[in-house]
Structure formats: structure tokens, C-alpha cells
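So you know, we letter chains A, B, ... as the sequences are listed, proteins then strands, and number each from 1.
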Number of protein chains: 2
Amino acid sequence: MKGTAELLKEHQLKVTPQRLKIVMMLKKHGHINIEDLYGEMLKEFPSVSLATIYKNINQMIDNGLIQEVKLPRSKSVYELIKDPHLHMVCDKCHKVEDVVVGTEKIIEEAEKLSGYIITESFITLRGICAECQATQ
Amino acid sequence: MKGTAELLKEHQLKVTPQRLKIVMMLKKHGHINIEDLYGEMLKEFPSVSLATIYKNINQMIDNGLIQEVKLPRSKSVYELIKDPHLHMVCDKCHKVEDVVVGTEKIIEEAEKLSGYIITESFITLRGICAECQATQ
DNA sequence: CCTTTTATGGAAAATATTTTTCCTTTAATA
DNA sequence: TATTAAAGGAAAAATATTTTCCATAAAAGG
């Protein structure tokens, strides 16, 4: 996995302790919402401000390092930008997972039917994850 | 198209002038955000409150009449619940359109890969609509 | 290294969004 | 109609996000 400081530099973001922590949290959790991110940050930076969280998240989005994932029935989470994938949300344990699925066919069909030129797709699936099915 | 008052009654919602207007707006526009809906409502009900808009939207969601559509880079819109479909958002004119595309294959593949039992899918595609391609 | 430049972090205030409360009015129904 | 339960609106409260301002820290050049 790429160095955290390098990631920031590649995206024209100054390397600061707060930003390093944010990116490390994203790497660790994969998906995290503002509230949880703030909670984690407070552990290491007891005086960190929510404004810092918001400002950094927005800059990281603007600079193409991360993206917001809007989820049905819950708060947005943020993730490092990587290869295209879709999101699975478990209705029981509320975890969010990535799945890499070919989306070419559905996009092709949608382009044909709508006349749009499609540049990006956002796919989220709700359901019950394997673990929660077992713990039923 | 089904009568507006009937739609409300079928979903256990009292028929009020404000609710009729909300549903008529949804029928007319297909997709509308809170701000625009409030603006439209004000034309007919100059003293309508944003609280009324929010309370009604939430009740309509709870009663299965409408659903929220969370969109990338913009505010959520609301729509009457109908057959499954995906959403196309134009990056130029920002309109939102429905497209009915078979999603079985992608869902089946995601279930296989993830082990989830999927109950619902949310698909939004960004791009440029046919009209905006022409007006280029 | 040390200095200069520029951006960042944090506190507080401002703004925006959504929900709740409380009371009057209205819709449903008998 | 009279009764009951729910809805609408005003205002306040709660929540979420952004902005401002200034001291501080990171980057870059000497």
C-alpha cells in the first residue's frame, strides 16, 4: 500500500499530522462517516476541531484523493478513491463493503436507452451480509 | 394515472390541500428537492411552513408513498415509488431522469461475490444527457 | 539550518438543514 | 352536525456544515 504522506503530496495536500491521521483512518476502516472520524481523531488530537475535519474532507474530495459515498437510510461515508466498485450495506450490522463487479453491461444498456454519455456510476445494494445470515 | 387523493388514502395519509399539492408536484416534476418543493408550495400556500414540508415528506416515506433519492454532488430529491429503475443525472443541466434497465445480472453477480442477500438496489449514473450533447 | 511564504488548525461565530413543541384548525367518521 | 384524531404553522430547538480570524506549522529557497 502506498505511503500515507506520499498520497497526500501526490494530491497537492500539505502533510500535517491531522491529515495523516485522517488518511490512515480511511485506510484502516475503508469507509467512515464524519462523526466516527471525529471520534477517532479526538483520541490522538484532543483539541481537534470539527471544522478541521470538514475542511480537510472537502479539500481531499476537491483534490481527488477521496470521495463521498451517499448511503440509503444512513449518513454518508468517505473512502479513498480506488478502482470502480459498488457498495454493499448490511441492514443488520450496518457495515459497508466494496464489491468489484463488472458494470459495463448495465451502463451500456442505460446509455442506449437514455441517450446519455455516462461518465461515472454509483451503485449501492442493501441486504444482509453473510455473517448476519449465519447469526440468525 | 391514479387519482392524487386516492394515492394518499391508499397510504393511510389524510387528504389535505398541502399534501395534494406535494403529490401533484411529484407527479409533475418526477423528482424534486426540498428547496424547490417549498418554493412551489409557497406560490399556492403563502404561509406554508418548511416544517410542514419536512413532516409530510417523512410521513410519505414512512408510509411507502415516496422515496428519497440521494444524488452525488447535489441535494436529495424525492419521487413517488414506482417500478424499479435507475437514475441518470446530467452534469450540465442537472436534470434527473429515470431509466428502466434490468439489474438482475449485476445483483446476481454481487450476491455471488459478496454472500449478501440483496433486497434493494440504488443505481445512479452521471453523464451528459442527449439534449446537452446536442447543445454543445 | 534559518528565513520567508503560504497554508493549516482551532475557537468561535455564522449559516444551513432538519426536527420538535405547542396550540389552533381541519379532515374523517359516525 | 358533533366528536376525535391528526395536520398545519410559528417558533424554538437540535443538528450539521461552513466561514472567519488569528496564531502556528509546513514547504521551499537561500
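- B/Ser47 comes within contact range of the sugar-phosphate backbone alone, with a heavy-atom separation under 4.0 Å but no base atom that close.
- Aromatic rings of B/His29 and B/His31 (six-membered ring for Trp) have centroids beyond the 6.0 Å cut-off, not under it.
- The side chain of A/Arg19 lies closest to C/dG9, out of C/dG9, C/dG10, D/dA10.
- A/Ile123 places none of its side-chain heavy atoms less than 4.5 Å from the side chain of A/Val101.
- Of the candidate nucleotides C/dT21, D/dT19, D/dA26, D/dT19 has the atom lying nearest to any side-chain atom of A/Ala51.
- Atom C1' of nucleotide C/dT18 and atom CG of B/Asn33 are separated by 14 Å, given to the nearest angstrom.
- When the C1' atom of D/dT24 is taken as reference, atom CZ of A/Phe45 falls 15 Å away, rounded to whole Å.
- Heavy atoms of B/Glu35 sit nowhere under 4.0 angstrom from any nucleic acid atom.
- A/Gln59 has a side-chain polar atom (N or O) that falls below the 4.0 Å cut-off from OP1 or OP2 of C/dT8.
- Between the CD1 atom of B/Ile22 and the P atom of D/dA7 there is a distance of 12 Å, given to the nearest Å.
- Using a 4.0 Å heavy-atom criterion, one finds that B/Lys75 contacts the sugar-phosphate atoms exclusively.
- The side chain of A/Tyr54 approaches D/dT18 more closely than any other nucleotide in the set D/dT18, C/dT18, C/dT8.
- Computed from coordinates, the B/Gln18 CD to D/dG8 P distance equals 5 Å when rounded to whole Å.
- Contact of A/Lys14 with C/dT6 (side chain to base): a donor-acceptor pair of N or O atoms is detected under 3.5 Å.
- Residue B/Pro46 is out of contact with every strand shown, counting any heavy-atom pair closer than 4.0 Å.
- The CG-P distance, from A/Leu8 to D/dA26, rounds to 13 Å in whole Å.
- The nearest whole Å value for the distance from the NZ atom in A/Lys55 to the P atom in C/dT6 is 19 Å.
- Map A/Asn58 and A/Lys9 each onto its nearest nucleotide of DNA chain D; the residue landing nearer the 5' end is A/Asn58.
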